[in-house]
Amino acid sequence: MSPDRGVVTVWSDIGCPWASLGLHTLLSRARERDVDVLVDHRAFPLELFNKRATPKGIIDVEVTAIAGLVPALHWRQWIGSEAEYVVSTLPAMGAVQAAKDLGVGGLRASNELDSSLRRAFYERGRCISVHAEILKAASMCPSINLPALEHALEQGQGHATVFSDWHIADSPLVKGSPHFFLGDRYEAHNPGVDYHWTAPPGEGFVRFDHYDPTWADTLLDLVER
């Protein structure tokens with residue numbers, strides 16, 4: 001986790017709908033409260049843990065359940081062709097890590113890019129496995145030095161960090177995507193969520209019973225102290 005007491009560390013995969021719900025809740029509540037929160041994104045690459053791309057069928061079921069309960073997300077089912085579906089989120093997560101470089105923009109730029117990539121995937125159905133789509137998402141981020149990011153990605157920056165994070169996350173301390181930390185004062189895996197699968201993923205459906213977004217206020221109260 002970040003040693004800075006005011007920085008929220010989040011372990012997640014961009015292709016994880018639950019992580020995208022949690023980050024949306026935290027960042028939208030921070031805007032409502034006018035809290036300037038910095039997020040340090042760490043990669044929890046599901047495809048490396050699972051040794052396969054995350055199946056579209058599983059993500060579709062989770063997206064439907066989450067968007068039905070939290071319509072403020074503005075998500076929709078994948079609108080592109082299946083041939084254009086995101087097969088890997090490693091390039092996108094690598095770009096988020098590369099954006100942390102101060103020459104690119106630092107943590108603020110990294111967080112903006114993470115949010116922009118998630119919107120591209122869940123709202124606009126863009127294939128964020130593709131370099132050009134990553135740069136398009138980056139072009140919408142005011143804190144990013146786009147030429148510096150382009151250069152960093154051409155040099156392969158951020159890619160090794162994703163693999164380093166994967167090895168760190170393969171421990172009991174990080175329980176999955178998402179896992180939120182604020183120093184030693186707060187930690188929660190998939191906070192506020194009460195759901196279950198009616199059968200094993202890929203066979204059943206998600207029953208999303210309840211979502212309590214007040215966890216974000218608990219975390220932001222600690223950020224402001």
Side-chain angles (χ1 to χ4, degrees), residues 11-24 41 43-99 110-141 144 146 149-163 165-166 169 176-178 195 197-208:
W11 293 80
S12 76
D13 189 314
I14 289 175
C16 172
W18 302 106
S20 299
L21 167 64
L23 284 160
H24 167 84
H41 290 277
F44 192 94
L46 293 169
E47 66 200 72
L48 296 182
F49 280 107
N50 297 329
K51 298 181 175 61
R52 64 171 185 175
T54 303
K56 180 178 180 295
I58 291 177
I59 293 179
D60 284 348
V61 168
E62 292 181 333
V63 164
T64 299
I66 295 169
L69 193 61
V70 191
L73 289 165
H74 304 298
W75 291 356
R76 52 182 173 172
Q77 289 288 346
W78 180 256
I79 60 174
S81 70
E82 290 200 7
E84 297 173 314
Y85 191 72
V86 175
V87 69
S88 173
T89 55
L90 296 186
M93 289 191 288
V96 170
Q97 297 306 311
S110 174
N111 185 48
E112 288 176 5
L113 179 55
D114 181 88
S115 296
S116 184
L117 287 164
R118 292 176 194 269
R119 289 194 300 272
F121 181 35
Y122 295 99
E123 295 178 25
R124 301 195 299 277
R126 308 305 300 178
C127 183
I128 58 170
S129 303
V130 175
H131 180 72
E133 290 291 348
I134 292 171
L135 293 180
K136 185 175 181 180
S139 71
M140 302 177 187
C141 303
I144 284 186
L146 192 58
L149 178 64
E150 289 187 65
H151 178 73
L153 296 183
E154 289 173 7
Q155 299 300 309
Q157 294 181 27
H159 185 71
T161 306
V162 172
F163 281 82
D165 281 356
W166 172 41
S177 173
Y195 83 101
W197 281 84
T198 60
E203 299 176 18
F205 295 88
V206 171
R207 176 162 181 169
F208 193 1

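Values in this document were obtained by computation on a predicted structure and should not be read as measured data.
Summarising the geometry, atom CZ belonging to Arg52 is positioned 11.5 Å from atom CD belonging to Glu47; distances are rounded to the nearest 0.5 Å. From Glu150, atom CD reaches atom NE2 of His131 across 6.0 Å, with rounding to the nearest 0.5 Å. Taken to the nearest 0.5 Å, the CD1 atom of Ile14 stands 8.0 Å off from the OG atom of Ser20. Here the CD1 atom belonging to Ile128 is positioned 9.0 Å from the CE atom belonging to Met93, to the nearest 0.5 angstrom. Here the CG-OG distance, from Asn111 to Ser115, works out to 4.5 Å after rounding to the nearest 0.5 Å. Rounded to the nearest 0.5 Å, atoms CG (Leu153) and CD (Gln97) are 11.5 Å apart.
Between the Ser129 side chain and the Val87 main chain, a donor and an acceptor come within less than 3.5 Å of each other. Side-chain atoms of Ser110 come within 3.5 Å of backbone N or O of Val96 as a donor-acceptor pair. Thr198 contributes a side-chain N or O that, together with a main-chain N or O of Phe205, makes up a donor-acceptor pair within less than 3.5 Å.
What you find for Phe44 and Gly176 is that their closest heavy atoms are CZ-CA, 3.5 Å. Here the shortest heavy-atom pairing between Leu149 and Ala95 reads CD1-O, 4.1 Å. The nearest pair of heavy atoms linking Cys16 to Leu46 is CB-CD1, 4.0 Å. Between Cys141 and Ser116, the shortest heavy-atom distance links the atoms SG-CB, 3.8 Å. Counting all heavy atoms, side chain and backbone alike, Leu117 lies closest to Ala92 at CD1-O, 3.7 Å. Across all their heavy atoms, Leu90 and Pro45 have their closest contact at CD2-CB, 3.8 Å.
Atom CZ of Phe49 has more than 12 heavy atoms from other residues, nucleotides or ligands within 6.0 Å. Annotation for Glu82: atom CD does not count as buried by contact number, only 12 or fewer foreign heavy atoms lying within 6.0 Å.
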Check the pair Thr89, Thr54 against side chain to side chain contact (heavy atoms under 4.5 Å, CB included), reporting the backbone distance first and the verdict last. CA-CA 9 Å; Thr89 55; Thr54 303; over 6 Å; no
Apply side chain to side chain contact (heavy atoms under 4.5 Å, CB included) to Trp197 and Val61, showing your working. CA-CA 10 Å; Trp197 281 84; Val61 168; 3.9 Å; yes
For the pair Ile66 and Tyr195, evaluate side chain to side chain contact (heavy atoms under 4.5 Å, CB included) and give the outcome as yes or no after the intermediate values. CA-CA 10 Å; Ile66 295 169; Tyr195 83 101; over 6 Å; no
Would you please test Leu23 and His41 for side chain to side chain contact (heavy atoms under 4.5 Å, CB included) and show each step? CA-CA 10 Å; Leu23 284 160; His41 290 277; 3.8 Å; yes
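By the ring-ring contact (aromatic ring centres under 6.0 Å, His included) test, His159 is found to be paired with Phe163, residues two or more places apart in sequence or in another chain being considered. Arg126 is linked by a side-chain hydrogen bond (donor to acceptor under 3.5 Å, both in side chains) to Glu133, counting only residues two or more places apart in sequence or in another chain. Every side-chain hydrogen bond (donor to acceptor under 3.5 Å, both in side chains) that Ser12 has, sequence neighbours left out, goes to Arg118. The side-chain hydrogen bond (donor to acceptor under 3.5 Å, both in side chains) check on Trp166 picks up nothing, with sequence neighbours excluded. Applying the side-chain hydrogen bond (donor to acceptor under 3.5 Å, both in side chains) criterion to Lys136, with sequence neighbours excluded, gives no partner residue.
Screening residues 56-77 for ring pair (Phe, Tyr, Trp, His ring centres under 6.0 Å), with sequence neighbours left out, gives Trp75-Tyr122.
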